[in-house]
Every structure is written in C-alpha cells, then in structure tokens.
Visitor: 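Please read through the structure below; I'll follow up with questions.
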Amino acid sequence: MNNKEKFQAYEELLKEWAKKMNLVAPSTLNDIQNRHFADSAQLADVLPTDVNIVDLGSGAGFPGVVLAILGWNVVCIESIGKKAAFLNAVKEKLNLENLSIYNGRVEKYVPALLDKNKEVIFTARAFAPLVKILDYVSKTKCRLFLLKGRDVLNEIKQANKKYKFDYKLIPSKTGDGFIIIIQNIR
C-alpha cells in the first residue's frame, strides 16, 4: 500500500468510525485531506528525519498517524479507550509497524522518558494549552513541534509566566494557525 492508498484508507476509517464516536468536528469530515492530513503533514517540513516522535493526546491521530504514514517512528498517547481502539484499527489496516499506541494518560507515560539522556520530540495538535503541555514535558530533554491556533501569542505569554524557552513561530500553510517549535525549556 503506497502513501496515497494509506491516506485514502485512513480517511475511510475516520468517516466510518465518526458515525459511532466523536473523532473530529463533523463539519471537517468533508475536507479531511486539507483540514487534517495536510495540516498535520506540514510538520514534515520542519521535523528532523532521524527522530522518534511522541504525539500527545493523539485523538483521531493528528499529527501522529500522519507522521507515521510519512515514515517517522511515532508513539501516539491517547487516554480515551475508544479513540485508542480507533488508532489501533488504523495501525492494523495501514500496516504501520512504525506506530505504537499507548492507551493512557500523558502524565503516566512521560516520566518513563526522564531516565533516558536522549532528546524526545513531542508533537501535539488541539491537545492542551501551551502551559499545560510544558507542565507535562518540562522535566525531559525535549523539543516540541506543536500545531497551534491563532491565539498562540497569548498562550506563549501565559506560559512565560511559569517557563522560559526558546521558540520559533511558522505560519500554517493550511489555516490561520501556527507551528511553534520550542526548545531549551527552563
């Protein structure tokens, strides 16, 4: 199955499962390719290629599954059992051996990464406010590649009350949001 076929199968699964549960906003089901796939895939332009990714609060698999289809090794963390079941169904249908699903809470998974002296790359989309994400990951050696909305400057301002960090903002190619890359959290 090539990537085009994988994205097609992913879209079909998403539409099928969306009839039973809330995976994405119903209004976005008619534009999955641009609204979800292309939005998530724009991270491929800025991510290092030789890294493993931990996707926080993966939900329907954005951006984690998209990045796995594009070749990264990804762990999707999803606390809601039904959504984790969906992610496992996608993994199986698309035969994504480079994708792992962790059905549990972010705060239970991240501490296991503390013992390693290896940098962790975290991604997230529509997961939590920036300060909350930093609360989860600040003790790890990490870089964050986050898809954020137009209110990102306010989120940065709020996060700076508790944390200092270096960041770069890149305008989204698919909407009015941003990619924010964060490192050197202190």
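Computed from heavy atoms alone, side chains included, the values below leave out hydrogens, waters and symmetry copies. These numbers come from a predicted model, not from an experiment.
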Visitor: Is it the case that atom CD in E92 sees more than 12 heavy atoms from other parts of the structure closer than 6.0 Å?
Guide: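 No - once you tally the heavy atoms of other residues, nucleotides and ligands closer than 6.0 Å, there are 12 at most.
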
Visitor: What closest approach, in Å, do F145 and V46 show between heavy atoms, and which atom pair accounts for it?
Guide: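 For F145 versus V46, the nearest heavy atoms are CE2-O, 3.5 Å.
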
Visitor: Under a 3.5 Å distance rule, please check whether Q42 uses its side chain to pair with a backbone N or O of K173 as donor and acceptor.
Guide: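 Yes, the answer is positive, given that a donor and an acceptor are paired below the 3.5 Å cut-off.
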
Visitor: Rounded to the nearest 0.5 Å, what's the gap from CG on L14 to CG on L29? Could you check?
Guide: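 These two atoms lie 6.0 Å from each other.
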
Visitor: Assess the residue pair V137 and L56 against the criterion (side chain to side chain contact (heavy atoms under 4.5 Å, CB included)); give the C-alpha distance rounded to whole Å, side-chain angles, the decisive distance to 0.1 Å, and a yes or no.
Guide: CA-CA 10 Å; V137 306; L56 305 171; 4.1 Å; yes

Visitor: Would you compute the distance between atom CZ of R143 and atom CG of L47 and round it to the nearest 0.5 angstrom?
Guide: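 Going from CZ on R143 over to CG on L47, the span is 8.5 Å.
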
Visitor: Between T28 and H36, is any pair of side-chain heavy atoms under 4.5 Å apart?
Guide: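 Yes, close enough: below the 4.5 Å cut-off.
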
Visitor: For the residue pair E11 and F37, what are the closest heavy atoms and their distance?
Guide: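 Shortest heavy-atom contact: N-CZ, 3.8 Å.
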
Visitor: To the closest 0.5 Å, what do you measure between CG (N95) and NZ (K6)?
Guide: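 N95 atom CG to K6 atom NZ measures 7.0 Å (nearest 0.5 Å).
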
Visitor: Are more than 12 heavy atoms, taken from residues, nucleotides or ligands other than E5, located less than 6.0 Å from that residue's CD atom?
Guide: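 Enclosed: over 12 neighbouring heavy atoms sit under 6.0 Å from CD of E5.
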
Visitor: Once salt bridge (charged side-chain N to carboxylate O under 4.0 Å, His left out) is applied, what residue pairs with a partner in residues 16-42 remain, sequence neighbours excluded?
Guide: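 Counting only pairs at least two positions apart or across chains, the salt bridge (charged side-chain N to carboxylate O under 4.0 Å, His left out) contacts touching residues 16-42 are D39-R125.
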
Visitor: With a 4.5 Å limit on heavy-atom distance, are the side chains of V110 and V120 in contact?
Guide: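 Not touching, per the 4.5 Å side-chain cut-off.
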
Visitor: Passes side chain to side chain contact (heavy atoms under 4.5 Å, CB included), K148 versus I133? Steps please.
Guide: CA-CA 12 Å; K148 284 294 193 178; I133 292 172; 4.2 Å; yes

Visitor: Just how far is it from atom NZ of K139 to atom CG of L113, taken to the nearest 0.5 Å?
Guide: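 Rounded to the nearest 0.5 Å, the NZ-CG separation comes out at 13.5 Å.
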
Visitor: In the structure I gave you, are the side-chain heavy atoms of K162 and D135 within less than 4.5 Å of one another anywhere?
Guide: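 Yes, close enough: below the 4.5 Å cut-off.
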
Visitor: I'd like to know if V66 and V24 are part of one continuous hydrophobic network [Ile/Leu/Val/Met/Phe/Trp/Tyr, side-chain heavy atoms within less than 4.5 Å].
Guide: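 Looking at the clustering, V66 is in the same group as V24.
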
Visitor: Determine, stepwise, if the pair K108 / Y102 fulfils side chain to side chain contact (heavy atoms under 4.5 Å, CB included).
Guide: CA-CA 10 Å; K108 296 285 187 196; Y102 174 79; 3.6 Å; yes

Visitor: Compare every heavy atom of L134 with every heavy atom of A159, then report the nearest pair and how far apart it is.
Guide: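 Residues A159 and L134, closest heavy atoms: CB-CD1, 3.8 Å.
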
Visitor: Linking I/L/V/M/F/W/Y whenever their side-chain heavy atoms sit closer than 4.5 Å, directly or via other members, would F122 and F165 fall into one cluster?
Guide: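 Hydrophobic grouping puts F122 with F165.
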
Visitor: Treating Ile, Leu, Val, Met, Phe, Trp and Tyr as nodes and any side-chain heavy-atom pair under 4.5 angstrom as an edge, say whether V106 and Y163 lie in one connected cluster.
Guide: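 Both belong to a single hydrophobic cluster.
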
Visitor: Specify the closest pair of heavy atoms between A41 and L70, including all atoms of both residues, with the distance to one decimal.
Guide: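 Where A41 meets L70 most closely, the heavy atoms are CB-CD1, 3.9 Å.
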
Visitor: Does F62 belong to the same Ile/Leu/Val/Met/Phe/Trp/Tyr cluster as I170, with side-chain heavy atoms less than 4.5 Å apart forming each link?
Guide: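 Linked within one cluster.
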
Visitor: Drop me the distance from I53's CD1 to T123's OG1, to the nearest 0.5 angstrom.
Guide: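 Result: 5.5 Å between the selected atoms.
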
Visitor: Please round to the nearest 0.5 Å and tell me the distance separating atom OG1 of T49 and atom CH2 of W72.
Guide: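 Those atoms lie 7.0 Å apart.
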
Visitor: Please confirm whether the backbone N or O of K141 pairs with a side-chain atom of E119, one donor and one acceptor, at under 3.5 Å?
Guide: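 Absent.
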
Visitor: Please report the shortest heavy-atom distance between D55 and P63, naming the atom on each side.
Guide: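 Nearest pair, atom of D55 first, then P63: OD1-CD, 3.2 Å.
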
Visitor: Hey, are the side chains of N52 and V75 touching, using non-hydrogen atoms and a 4.5 Å cut-off?
Guide: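 In short, these two side chains do not touch, never coming nearer than 4.5 Å.
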
Visitor: Minimum heavy-atom separation for L87 to C76, with atom names?
Guide: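 Reported closest heavy-atom pair: CD1-CB, 4.1 Å.
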
Visitor: Show your reasoning for whether side chain to side chain contact (heavy atoms under 4.5 Å, CB included) applies to I69 and Y10.
Guide: CA-CA 10 Å; I69 291 170; Y10 186 11; 3.9 Å; yes

Visitor: Which side-chain N or O atoms in residues 177-186 pair as donor and acceptor under 3.5 Å with protein atoms at least two apart or in another chain?
Guide:
residue : atom : partner : partner atom : Å
N184    : ND2  : D166    : OD2          : 2.6
R186    : NH1  : N184    : O            : 2.4

Visitor: In this structure, would I77 and L146 fall into the same cluster of hydrophobic residues linked by side-chain contacts under 4.5 Å?
Guide: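 Linked within one cluster.
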
